[in-house]
There are 2 protein chains.
Amino acid sequence: MTKREQIVAAADELFYQQGFEHTSFAHIANSVNISRGNFYYHFKSKDDILNAVISLRLNRTQAMLEQWENAGGDPIERIHCFINILITNKSKIMKFGCPVGTLTSELNKLDHAALDAANSVFTLFRTWLVGQIEQLDLSEPSDELAMHLLARSQGIATLASAFNDEAIIQNEVIQLHHWLDTQLEQVNR
Amino acid sequence: MTKREQIVAAADELFYQQGFEHTSFAHIANSVNISRGNFYYHFKSKDDILNAVISLRLNRTQAMLEQWENAGGDPIERIHCFINILITNKSKIMKFGCPVGTLTSELNKLDHAALDAANSVFTLFRTWLVGQIEQLDLSEPSDELAMHLLARSQGIATLASAFNDEAIIQNEVIQLHHWLDTQLEQVNR
DNA sequence: GTCTATATAATGATAGAC
DNA sequence: GTCTATCATTATATAGAC
C-alpha cells in the first residue's frame with residue numbers, strides 16, 4: 001500500500017468516525033505517521049483528500065455489488081445481501097451511523113462542492129437496487145421499492161447510532177427481510 | 001422576544017442549516033445584529049448556546065405533542081399526525097434533513113458532551129409514540145413499533161435531503177400511513 | 001519524499017471602555 | 001448591555017532545507 005493509499009485509508013476511517021470538517025491534518029498525520037506539511041506532496045488540499053476518499057468508497061461499493069453479482073445467486077438473494085449489510089457492519093453503525101448517509105448529510109450542511117460526488121454512492125446503490133428489482137417483475141415501480149429499501153436502511157442506521165441500540169438493528173432487519181418476501185408473495189399468487 | 005431568545009432562535013436555525021460546528025459566532029452575530037464579544041454577556045460558551053438550543057427544541061416538541069393530545073382525537077389520529085410532520089416540514093427536510101437526526105449524528109461524531117441532551121428529543125418522540133401505541137392494544141411490542149415509526153421517518157428525511165426529492169416523501173408517507181392501518185387491521189379481525 | 005518553519009486566516013473566548 | 005480591541009489556539013496551506 002502506497003503512502004497515498006495509507007493517507008486515503010486513514011482519512012476514510014477518520015471522516016467516518018469524526019466527520020469531515022472535524023478531522024484535521026493533524027489527526028490524519030498522527031494516524032499515518034507523517035508530518036502535516038508532507039500532505040501537500042500527495043494532495044493539493046483537504047478537499048482533494050475528500051475526493052479521494054469518496055472515490056475509494058465508490059470503488060469499494062462497486063466491487064461489493066459486483067461480487068454479489070458474481071456469487072451466482074438470484075436478485076432476491078442479492079437484495080437480502082444488501083439488507084444484511086446492517087448486520088455485517090453492526091458495531092460500526094451503532095457507533096458512527098451509516099458512512100454514506102452521515103457524510104452526505106454533513107457535506108449538504110457545509111454546502112460543499114463534493115456533495116454530488118458523495119451522493120453518487122447513494123445513486124450507485126439506488127441504481128443497483130432498481131436493476132435487481134426489475135428482474136423480479138413486481139407490481140410497484142422498481143425505483144420506489146429501491147428508495148424504500150434505502151430509506152429503511154438509513155433510518156435503522158440513524159436510530160441504532162442515536163440509541164446505541166443493537167436490538168433495533170436486529171428487529172428492523174427481520175422486518176425488512178419479511179417486507180421483501182411479502183412483496184414477492186403479492187405477485188406470485 | 002429578549003435578545004437571549006433571539007440568539008437562541010438564530011442559533012437554532014443556523015445549527016440546523018449549517019451544522020453546529022460549522023456555525024460560528026460570526027454567523028450568529030450577523031443574523032442577530034450584535035457583536036461577537038457581546039455573546040458572552042448572554043452565554044458563557046458556544047456549548048452553552050447549544051444547550052439552550054436543545055432545550056428550546058425539547059420544549060417546542062413537548063408543546064407540539066401536548067397540542068396533539070389536547071386536540072381531542074384518538075391515538076391513531078395522533079400517530080398519523082406524527083407521520084405527517086414529514087409533509088408539514090417537507091421543504092426544510094429536503095434542504096437540511098431532520099433537525100433531530102442530523103444534530104445527534106453530528107454531536108455523536110464530535111464526541112460532544114451535549115449528545116445525551118440532543119438524543120433526549122428522540123427519546124421524547126419515542127416515549128410519546130409508545131404511549132399512543134399502548135392504547136391501541138396491538139400484537140407486537142409497542143416500543144418496537146415506535147422505533148419502527150421513528151426509523152422510517154428518519155430514513156425518509158435522509159433520502160429526501162440526499163436526493164433533494166419530494167416524491168420520496170410523498171410516496172413513503174403514504175406507505176407509512178398504510179402500514180399503520182395494516183397494524184390495526186391485524187388486530188381488529 | 002519527508003521534514004521544519006512559517007504565513008495566513010478564522011475561531012472561541014477575555015478585558016475593559018462606554 | 002453593547003461595543004472594540006485583543007489573546008490564545010487551531011486550522012489549512014506554503015516555502016524551503018535536507
Side-chain angles (χ1 to χ4, degrees), chain A residues 1-56 102-103 106-115 117-118, chain B residues 1-56 102-103 106-115 117-118:
Chain A
M1 192 149 78
T2 67
K3 205 85 206 177
R4 188 193 151 96
E5 287 170 335
Q6 288 179 43
I7 295 172
V8 175
D12 174 43
E13 195 65 25
L14 287 169
F15 290 172
Y16 177 35
Q17 299 187 6
Q18 307 185 336
F20 165 70
E21 196 176 34
H22 187 63
T23 299
S24 68
F25 283 95
H27 287 123
I28 308 174
N30 194 45
S31 176
V32 191
N33 280 320
I34 63 168
S35 72
R36 281 183 304 247
N38 195 16
F39 277 104
Y40 296 87
Y41 172 78
H42 300 282
F43 302 92
K44 72 174 199 292
S45 70
K46 191 184 176 185
D47 290 356
D48 206 29
I49 300 184
L50 175 60
N51 284 321
V53 166
I54 293 173
S55 184
L56 171 73
T102 54
L103 181 63
E106 180 182 1
L107 297 184
N108 182 45
K109 303 217 180 206
L110 300 185
D111 208 13
H112 196 285
L115 175 61
Chain B
M1 192 149 78
T2 68
K3 205 85 206 177
R4 189 192 150 97
E5 287 170 334
Q6 288 180 43
I7 295 172
V8 175
D12 173 43
E13 194 64 25
L14 287 169
F15 290 172
Y16 176 36
Q17 297 187 6
Q18 305 184 336
F20 165 70
E21 196 177 33
H22 187 62
T23 299
S24 67
F25 283 95
H27 287 122
I28 308 175
N30 194 45
S31 176
V32 192
N33 280 319
I34 63 167
S35 72
R36 281 189 305 259
N38 195 16
F39 277 105
Y40 296 87
Y41 172 76
H42 301 281
F43 302 92
K44 71 174 201 291
S45 69
K46 192 184 177 187
D47 290 358
D48 207 28
I49 300 184
L50 176 59
N51 284 321
V53 166
I54 293 173
S55 184
L56 171 73
T102 54
L103 181 64
E106 179 182 1
L107 296 184
N108 182 44
K109 304 218 179 205
L110 300 184
D111 208 12
H112 195 286
L115 175 61

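First the proteins, then the strands, lettered A, B, ... as listed; each starts at 1.
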For this session: Identify the heavy atoms of B:Phe43 and B:Ile49 that sit nearest to each other, and give their distance.
Result: CG-CG1, 3.5 Å
Exercise. Could you state the CZ-C1' distance from A:Phe39 to D:dT14, rounded to the nearest angstrom?
Worked result: 15 Å
Seminar exercise, completed: When rounded to whole Å, the CD1 to C1' distance for the pair B:Ile34 and D:dG1 reads 10 Å
Seminar exercise, completed: Closest to the side chain of B:Ser24, out of C:dG12, C:dG1, D:dA13, is C:dG12
Exercise. Nearest heavy-atom pair of B:Ala10 and B:Ile28: which atoms, and what distance?
Worked result: CB-CG2, 4.2 Å
Exercise. Taking the side chain of A:Lys46 as heavy atoms from C-beta outward, which of D:dT2, D:dA13, C:dC3 is closest to it?
Worked result: D:dA13
For this session: Let me know the distance between CD of A:Gln6 and P of C:dT2, rounded to the nearest Å.
Result: 9 Å
For this session: Report the distance from atom OH of A:Tyr40 to atom P of C:dC3, rounded to the nearest whole Å.
Result: 15 Å
Seminar exercise, completed: Rounded to whole Å, CG of A:Asp47 lies from C1' of D:dA11 at a distance of 13 Å
Exercise. To the nearest Å, how far apart are A:Arg36 CZ and C:dA7 P?
Worked result: 15 Å
Seminar exercise, completed: Looking only at D:dC3, C:dG12, D:dT12, the nucleotide nearest the A:Phe25 side chain is D:dT12
Exercise. What do you reckon, are the aromatic ring centroids of B:Phe25 and B:Tyr40 less than 6.0 Å apart?
Worked result: yes
Exercise. Shortest non-hydrogen contact from B:Val8 to B:Val53?
Worked result: O-CG2, 3.8 Å
For this session: Flag this pair as yes if the NZ/CZ of A:Lys109 is under 6.0 angstrom from the six-membered ring centre of B:Phe20 and inside a 45 degree cone about the axis; otherwise no.
Result: no
Seminar exercise, completed: Testing C:dT2, D:dT2, C:dA13 for proximity to the side chain of A:Tyr41, the answer is C:dT2
Exercise. Which is true for A:Thr2 with a 4.0 Å heavy-atom rule: it touches a base, it touches only sugar-phosphate, or it touches nothing?
Worked result: nothing
For this session: Check the distance between D:dA11's P and A:Asn30's CG and give it to me in whole angstrom.
Result: 12 Å
For this session: Establish, with yes or no, whether the OP1 or OP2 oxygen of C:dT11 is under 4.0 angstrom from a side-chain nitrogen or oxygen of B:His22.
Result: no
Exercise. Under 4.0 Å between a side-chain N/O of A:Asn38 and OP1 or OP2 of C:dC3, yes or no?
Worked result: yes
For this session: Please tell me which of A:His27 and A:Lys44 maps to the more 5' nucleotide of DNA chain D, matching each residue to the nucleotide holding its nearest heavy atom.
Result: A:His27
Problem set entry | Atom-pair distance (CG on B:Leu50; C1' on C:dG12), nearest Å | 14 Å
